[in-house]
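The structure under discussion appears below in the form of structure tokens.
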Amino acid sequence: MIQVYNNLIHKKTEFKSLKKDTVNMYVCGVTVYDLCHIGHARAYVSFDIIRRYLEYRGYKVKYIQNFTDVDDKIINRAIENKEDPLDLSTRMIDEYFLDMDAINIKRADIYPKVTTHIPEIISFIEKLIKKGLAYSVDGDVYYDVRKFKDYGKLSNRKLADMQAGARVDINDKKVYPLDFALWKAEKENELSWDSPWGKGRPGWHIECSAMSMKYLGATFDIHGGGHDLIFPHHENEIAQTEGLTDKPMANYWVHNGFVRINDEKMSKSLDNFFTIREVLKQVDPMALRLFFLMTHYRMPINYSDTDIIETSKALSRISHSLTLNDLKDDAVDVETYRQEFVSAMDDDFNTARALAVVFDLVKQLNKTLNINYQILLKELLSVLGIKIEQKEESIPKEIIALAEKRQQARIDKNWAKSDEYRDQISAAGFAVKDSKDSFEIIKINA
RNA sequence: GGAGGCGUAGCCAAGUGGUAAGGCAGCGGUCUGCAAAAUCGUUAUCCGGCAGUUCAAAUCUGCCCGCCUCCUCCA
């Protein structure tokens with residue numbers, strides 16, 4: 001039995017999909033105005049794992065993830081860059097895939113974009129107005145938050161308490177301060193579309209309601225995103241969709257914890273973020289993935305160079321045991337390991353626990369040299385999306401020549417000479433690993 | 001002010017009533033000319049503090065201390 005922590009009710013419950021063998025999930029994607037940072041990486045690794053595990057357990061998963069390709073940030077950045085906003089967003093989508101492919105995130109079934117769903121968005125807004133949940137003012141359209149009785153149910157807050165916080169926009173057009181924009185009237189020559197309310201563009205939240213409705217229907221199984229999306233984004237999505245349909249939008253609301261730097265939230269405004277590609281210059285992409293998996297997805301995770309380097313060492317332990325060959329094929333009990341893995345993952349996708357099984361398996365494989373452990377290990381790693389490829393490191397000819405000279409010195413038992421060559425090789429950034437009568441050269445990661 | 005989370009070995013991190021997973025580092029052994037790499041073994045009488053419930057608590061209750069997030073765009 002799979003248990004999932006549902007943020008709507010703040011507890012773990014048994015996972016039951018609407019349709020027997022299918023899971024429909026929608027994960028909020030990125031606003032494409034810049035390169036992705038490792039916070040994004042964590043989010044999409046988390047949901048990639050959920051998706052992969054559900055598939056492993058026999059579900060057919062339909063996975064939708066949007067791109068927000070029109071919003072203030074994109075427009076502002078495009079102005080700074082003196083480039084067309086849609087060129088910017090298109091470019092960043094390509095960059096997104098480059099990063100996510102590197103960390104082995106399975107592609108979503110559909111990546112809907114705001115700019116290609118304007119008619120759906122407009123029609124959604126029209127229905128909300130018709131139902132009396134939204135109103136238009138001077139070309140803007142706002143959601144009338146007080147008309148939706150469940151407003152605040154996901155983030156567990158009351159309208160009155162939020163006003164006390166008093167950090168809401170002061171905007172004369174709104175009837176009530178917490179009302180939010182569904183449609184924004186065009187500002188001087190900004191990117192805009194025709195609508196019943198004049199030229200303009202969609203507000204942020206409406207896209208997810210309109211697009212999830214289009215691809216997954218009124219109610220779907222899992223809605224995911226970062227912890228920071230709970231309010232206002234997901235709260236507003238619920239208001240829009242459930243206000244319109246009077247049905248639950250999603251049965252399970254799942255949110256991943258933040259990546260922190262020095263115990264503070266990593267964010268662009270604090271300027272303490274690392275992009276995915278910066279990190280991948282330092283370590284193997286799978287080390288980054290493993291780093292996330294070592295901590296449960298709902299917990300905050302502190303990022304540091306030291307920690308990620310430790311993780312690469314753990315990763316090499318796994319990769320090494322995958323390279324073992326000439327293994328025995330005696331019958332061994334492999335099922336116990338598989339069951340432990342499944343029970344860990346069944347428990348709200350507890351990858352930290354699941355990895356303990358993986359490492360036990362590595363140890364068992366090293367000890368017994370039995371191929372059946374290796375087969376299972378490969379199976380479990382693929383569920384976790386850890387793809388280990390035997391990289392052909394290109395070793396420069398001169399390094400090989402040095403190593404060969406050293407090997408001759410070893411045969412001659414000329415240890416002084418041999419050590420000298422080894423020093424030269426390591427100075428060049430390589431290490432020689434000796435075995436009985438041969439050697440291997442590996443590149444040392446800086 | 002309102003809502004929520006976290007505090008477990010040197011570091012990272014699971015564990016939510018039955019007596020502390022796993023990783024990294026450290027230590028000891030194997031291998032090696034010596035190393036490195038690899039490998040095997042080992043490493044918390046104890047879970048922020050105090051009180052309480054219980055036969056039994058890291059796990060439940062109360063209070064306290066420390067840290068973080070959300071309430072504005074944000075994965």
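Numbered from 1 within each chain, the chains take letters A, B, ... in sequence-line order. Hydrogens, waters and symmetry mates are skipped; everything else that's a heavy atom, side chains included, is used.
For U32(B), there is no paired base (Watson-Crick or G-U wobble, both distances below 3.5 Å). A25(B) makes up no base pair with any nucleotide shown, lacking Watson-Crick or G-U wobble contacts both under 3.5 Å. Using the Watson-Crick or G-U wobble rule with both distances under 3.5 Å, U45(B) pairs with nothing in any strand shown. The pairing partner recorded for G17(B) is none, the criterion being a Watson-Crick or G-U wobble arrangement whose two distances lie under 3.5 angstrom. Under the Watson-Crick and G-U wobble criteria, each requiring two contacts below 3.5 Å, nucleotide U61(B) is paired to A51(B). For A3(B), the paired nucleotide is U69(B), the pair qualifying as Watson-Crick or G-U wobble because both relevant distances are below 3.5 Å.
Val358(A) comes within 4.0 angstrom of nothing in the nucleic acid, heavy atoms only. At a threshold of 4.0 angstrom between heavy atoms, the contacts of Phe258(A) include nucleobase atoms, whether or not backbone atoms are also involved. If you check every strand for non-hydrogen atoms under 4.0 Å, Val259(A) touches a base. Across all strands shown, Ile230(A) has no heavy atoms under 4.0 Å from either base or sugar-phosphate atoms.
Under 3.5 Å, the side chains of Asp348(A) and Tyr297(A) contain a donor-acceptor pair of N or O atoms.
Every residue was checked against the side-chain hydrogen bond (donor to acceptor under 3.5 Å, both in side chains) condition with Asp94(A), not counting sequence neighbours, and none meets it. Under the side-chain hydrogen bond (donor to acceptor under 3.5 Å, both in side chains) criterion, Asn414(A) pairs with no residue, sequence neighbours left out. Take Tyr63(A) and apply the side-chain hydrogen bond (donor to acceptor under 3.5 Å, both in side chains) test, not counting sequence neighbours, and it matches Gln65(A).
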Heavy-atom protein contacts under 4.0 Å, nucleotides 5-11 of chain B, coded B base, S sugar-phosphate only, - none: -S-----

Side chain to side chain contact (heavy atoms under 4.5 Å, CB included) evaluation trace for Val259(A) with Phe273(A): CA-CA 9 Å; Val259(A) 176; Phe273(A) 63 93; over 6 Å; no

Step-by-step salt bridge (Lys or Arg N to Asp or Glu O under 4.0 Å) determination, Lys173(A) to Asp179(A): CA-CA 10 Å; Lys173(A) 292 183 187 174; Asp179(A) 290 349; over 6 Å; no

Derivation and outcome, side-chain hydrogen bond (donor to acceptor under 3.5 Å, both in side chains), residues Arg277(A) and Thr275(A): CA-CA 5 Å; Arg277(A) 56 194 63 179; Thr275(A) 61; 5.8 Å; no

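With hydrogens and angles ignored, no donor-acceptor pair closer than 3.5 Å exists between the side chain of Lys313(A) and the base of C24(B).
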Can you give me every donor-acceptor pair (side chain of residues 24-32 of chain A, partner residue at least two apart or in another chain, under 3.5 Å) with its distance?
{"residue": "Tyr26(A)", "atom": "OH", "partner": "Asn66(A)", "partner atom": "OD1", "Å": "3.4"}

Can you pull every protein N or O that's under 3.5 Å from an N or O on nucleotides 30-33 of chain B?
{"residue": "U32(B)", "atom": "OP1", "partner": "Lys436(A)", "partner atom": "NZ", "Å": "2.4"}
{"residue": "G33(B)", "atom": "O6", "partner": "Arg406(A)", "partner atom": "NH2", "Å": "3.4"}
{"residue": "G33(B)", "atom": "O6", "partner": "Ser418(A)", "partner atom": "OG", "Å": "2.9"}
{"residue": "G33(B)", "atom": "N1", "partner": "Asp419(A)", "partner atom": "OD1", "Å": "3.0"}
{"residue": "G33(B)", "atom": "N2", "partner": "Asp419(A)", "partner atom": "OD2", "Å": "3.0"}

